[in-house]
Amino acid sequence: MTSYGSSSAASSGSRTNGLAIASLCCGIVGLFLLNIVLGPLAIVFGAVARRQASVRTGAGMARAGIVLGVVDVVLWLVLLALAASNGGFSWYVGG
């Protein structure tokens with residue numbers, strides 16, 4: 001008889017590091033929303049995941065998260081410089 005939850009794929013032992021996944025997700029979402037917050041988070045999560053790469057798999061995802069986090073921070077700096085050169089930020093709501 002087979003019991004629930006004991007499949008061969010679940011017991012293989014090759015699980016991806018959760019911090020590597022979090023780093024990649026923060027890096028991707030940071031390209032579109034809140035890049036000044038999610039970019040540094042992606043870098044930190046990716047660095048911690050790379051240190052744990054010997055324990056779990058996911059070093060490639062961690063590296064991609066670090067790269068995307070750096071892109072997020074650079075994108076924020078470019079947008080900040082662009083806004084400063086145009087006279088700052090202004091919010092217009094209404095018609």
Side-chain angles (χ1 to χ4, degrees):
M1 278 192 178
T2 60
S3 62
Y4 291 106
S6 65
S7 67
S8 63
S11 63
S12 65
S14 64
R15 299 201 47 179
T16 304
N17 191 341
L19 288 174
I21 295 171
S23 173
L24 186 63
C25 290
C26 285
I28 291 171
V29 174
L31 290 173
F32 304 105
L33 299 170
L34 298 171
N35 50 1
I36 191 58
V37 175
L38 295 177
L41 278 176
I43 294 169
V44 169
F45 288 160
V48 173
R50 293 263 320 208
R51 288 182 187 248
Q52 296 176 353
S54 62
V55 177
R56 294 183 182 170
T57 60
M61 275 195 263
R63 186 178 304 123
I66 291 171
V67 169
L68 285 172
V70 169
V71 169
D72 291 345
V73 172
V74 169
L75 180 66
W76 181 77
L77 291 173
V78 167
L79 291 175
L80 184 68
L82 183 68
S85 69
N86 289 333
F89 297 103
S90 65
W91 295 92
Y92 178 73
V93 178

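Remember, predicted model here, so these are calculated numbers, not experimental data. Just the heavy atoms: all of them, side chains too, but no hydrogens, waters or symmetry mates, feed the values below.
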> Quick one: pull up CG in L75 and CG in L68 and give me the separation to the nearest 0.5 Å.
11.5 Å
> What's the separation between atom OG in S85 and atom CG in L80, rounded to the nearest 0.5 Å?
10.0 Å
> Quick one: do I66 and V71 end up in the same hydrophobic cluster if we chain Ile, Leu, Val, Met, Phe, Trp and Tyr together by side-chain heavy atoms under 4.5 Å apart?
no
> Supply the atom-to-atom distance L24 CG to T16 OG1, rounded to the nearest 0.5 angstrom.
11.0 Å
> What side-chain donor-acceptor pairs closer than 3.5 Å can you find for residues 38-46, not counting sequence neighbours?
none

> Name each donor-acceptor pair under 3.5 Å that joins a side chain in residues 29-37 to protein atoms two or more places apart or in another chain, with its distance.
none

> Where is the tightest heavy-atom contact between S23 and G65, given as atom of each residue plus distance?
OG-CA, 3.1 Å
> Same hydrophobic cluster for L82 and V74, using side-chain heavy-atom links shorter than 4.5 Å among ILVMFWY?
no
> What residues, two or more places apart in sequence or in another chain, satisfy side-chain contact (heavy atoms from CB on, under 4.5 Å) together with A20?
N17, A49, M61, A62
> If the condition is side-chain contact (heavy atoms from CB on, under 4.5 Å), which residues does L77 pass it with, not counting sequence neighbours?
V73
